[in-house]
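Below is one structure, written out as structure tokens, with a few remarks after it.
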Amino acid sequence: MEKSPAVAYIPIQEGCNHCCTYCIVPYTRGRELSRPFKDILRDTEHAANTGAIETCFLGQNVNGYKYTDETTGKTHRLSDLIKETAKLSPIKRIRFTSSYPTEMTDDLIDMFRTEPKLLPFLNMPIQSGSQNVLTRMNRPYGLKLYIDIVDKLKSARPDIQISSDFIVGFPGETDSDFEQTMEIAKKIKYINSYSFKYSPRPHTAAALMKDQIPENIKTERLAKLDSYLNELQRSFNEACIGKTMECLCEGPDKTGKHLVYRTPYMQQCIVNVKSANCEKQLARIRITAANKASLRGEFIL
Ligand code: SF4
């Protein structure tokens, strides 16, 4: 299915200053560069005037967005973009991806408390639950800091859910390091995550590290983590049965018999097309069934 025209994907920054030892972004995209605040607002307004209902701000390090206006001297952050975008009445939903944990500043966390248009869902990759591995990855946030940020987010918005990316089999990862990754997944209860086997990228520091992990161990660890993350996803989806959520229409499925919606948690929700409400792009849908991959629902008329 094509991307929904109701969602405006707006790049706000490029590049990354974090230099994780496995990542080629700092080499391919360079240092962080944030787009001018006014240009982004112009794009957002244009999108709102031409049918967008949802705005998704994009960037390799999206929550590191920082732009200082030369004329006024004022520095704008992602929280300022969210505030201004929320004033546009056609825009009903706002989200952003992908976030770096230490850039989740208090002003941004507070947006989840004060701005109802900001969806209660955040992708905040942790990559590993082991402090040793995080240090080798050059992701120097403490696990405590990450957990504190999640706690602050939950206190700002009790219904918020978090997703993450994971890398398993990073050079030097021991069984105990891997078990710590399983532990953090259990603690945070991520609802929807991406996990990958570490694979060396040319020109990166990690590619030259000793103690590369054998492929069969990476495969075993990935299977174990994936199986648990799938269980978490299924159990969150099943917990949604009986709830009513405001969902955004992405269009018909291949059969034309159903409409595909996105919940505020980015779950896919399939609804039978035979309904009086099916023209509405944003509809209240009661969830009637769920599996690991998607939900089924019916319109609340
Ligand atoms: S924060 Fe993300 S984009 Fe930046 S270097 Fe690390 S993995 Fe790459």
| said: Under 6.0 Å between ring centres: does that hold for Tyr141 and Tyr100? | reply: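 They qualify: ring centres under 6.0 Å apart.
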| request: Examine Phe236 together with Tyr190 and report whether their ring centres are nearer than 6.0 Å. | output: no
Search all heavy atoms of [X] against all heavy atoms of [Y] and return the closest pair with its distance.
| X | Y | value |
| --- | --- | --- |
| Ile12 | Leu78 | CD1-CD1, 3.8 Å |
| Glu173 | Ile213 | O-CD1, 3.4 Å |
| Met124 | Leu153 | CE-CD1, 4.3 Å |
| Ala207 | Gln212 | O-NE2, 3.6 Å |
| Pro101 | Pro125 | CG-O, 3.6 Å |
| Leu122 | Met104 | CD2-CE, 3.9 Å |

Non-hydrogen side-chain atoms of [X] and [Y] separated by less than 4.5 Å:
| X | Y | answer |
| --- | --- | --- |
| Val133 | Gln127 | no |
| Pro120 | Phe112 | no |
| Ile10 | Thr44 | yes |
| Thr85 | Phe57 | yes |
| Leu119 | Ile160 | no |
| Thr181 | Leu225 | yes |
| Val260 | Pro252 | no |
| Phe178 | Met182 | yes |

Tell me, please, which residues at least two apart from [X] pass side-chain contact (heavy atoms from CB on, under 4.5 Å).
| X | result |
| --- | --- |
| Lys187 | Ile147 |
| Thr72 | Asp69, Lys74 |
| Lys189 | Leu232 |
| Leu58 | Tyr9, Cys56, Thr97 |

SB check [X] [Y] (cutoff 4.0 Å):
| X | Y | value |
| --- | --- | --- |
| Glu84 | Lys87 | yes |
| Asp110 | Arg113 | yes |
| Asp80 | Arg77 | no |
| Lys154 | Asp159 | no |
| Arg157 | Glu115 | no |

May I ask you to decide if [Y]'s main-chain N or O and [X]'s side chain share a donor-acceptor pair within less than 3.5 Å?
| X | Y | value |
| --- | --- | --- |
| Lys117 | Ala86 | yes |
| Arg35 | Pro11 | yes |
| Asn17 | Glu32 | yes |

| Which pairs with one or both residues in residues 192-210 pass salt bridge (charged side-chain N to carboxylate O under 4.0 Å, His left out), sequence neighbours excluded? | Lys197-Glu215
| message | Show me the pairs that pass salt bridge (charged side-chain N to carboxylate O under 4.0 Å, His left out) and involve residues 47-67, at least two apart or across chains. | response | Glu54-Arg93, Glu54-Arg95
| For Phe121 and Phe96, what are the C-alpha separation, side-chain angles and deciding distance, and is it a ring pair (Phe, Tyr, Trp, His ring centres under 6.0 Å)? | CA-CA 9 Å; Phe121 177 64; Phe96 55 89; over 10 Å; no
| query | With respect to Ile162, which candidate in Ile191, Ile126, Ile188 satisfies the side chain to side chain contact (heavy atoms under 4.5 Å, CB included) definition? | reply | Ile188
Distance, nearest 0.5 Å, that separates [atom1] of [X] from [atom2] of [Y]:
| X | Y | atom1 | atom2 | result |
| --- | --- | --- | --- | --- |
| Ile270 | Leu259 | CD1 | CG | 9.5 Å |
| Ser34 | Leu81 | OG | CG | 9.0 Å |
| Ile167 | Lys218 | CD1 | NZ | 10.5 Å |
| Tyr265 | Ser163 | OH | OG | 13.0 Å |
| Asn138 | Cys20 | CG | SG | 6.5 Å |
| Ile217 | Leu222 | CD1 | CG | 13.5 Å |

With no hydrogens and no angle check, do the side chains of [X] and [Y] hold a donor and an acceptor under 3.5 Å apart?
| X | Y | answer |
| --- | --- | --- |
| Gln180 | Ser176 | yes |
| Thr68 | Thr75 | yes |
| Asn123 | Ser98 | yes |
| Ser130 | Asp177 | yes |
| Gln13 | Asn61 | no |

| Run the side chain to side chain donor-acceptor pair (under 3.5 Å) check on Tyr22 and Arg136 step by step: do they pass? | CA-CA 9 Å; Tyr22 54 85; Arg136 291 165 73 85; over 6 Å; no
| request: With sequence neighbours excluded, tell me which residues meet ring-ring contact (aromatic ring centres under 6.0 Å, His included) with Tyr198. | output: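 Here the qualifying residues are Phe170.
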| said: Holding to ring-ring contact (aromatic ring centres under 6.0 Å, His included), I want the full list of residues that pass it with Tyr146, two or more places apart in sequence or in another chain. | reply: none
| Co-membership, hydrophobic cluster, residues Val168 and Leu143, 4.5 Å side-chain |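 In one cluster with Val168: Leu143, yes.
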| said: Show me the pairs that pass side-chain hydrogen bond (donor to acceptor under 3.5 Å, both in side chains) and involve residues 230-249, at least two apart or across chains. | reply: Asn237-Gln267
| message | Once side-chain hydrogen bond (donor to acceptor under 3.5 Å, both in side chains) is applied, what residue pairs with a partner in residues 292-301 remain, sequence neighbours excluded? | response | Arg286-Glu298
| said: salt bridge (Lys or Arg N to Asp or Glu O under 4.0 Å) for Lys257 and Asp253? Distances and angles first, verdict last. | reply: CA-CA 7 Å; Lys257 292 180 184 164; Asp253 69 359; over 6 Å; no
| side chain to side chain donor-acceptor pair (under 3.5 Å) involving Thr102 - partner list, sequence neighbours excluded |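 By the side chain to side chain donor-acceptor pair (under 3.5 Å) rule, Thr102 matches no residue at all.
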| field | Members besides Phe196 in its Ile/Leu/Val/Met/Phe/Trp/Tyr cluster (side-chain heavy atoms under 4.5 Å) | value |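 Taking Ile, Leu, Val, Met, Phe, Trp and Tyr as members, Phe196 shares its hydrophobic cluster with Tyr194.
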| message | Determine whether Ser195 and Asp226 satisfy the following criterion, side chain to side chain donor-acceptor pair (under 3.5 Å), listing intermediate values before the conclusion. | response | CA-CA 7 Å; Ser195 41; Asp226 267 352; 2.3 Å; yes
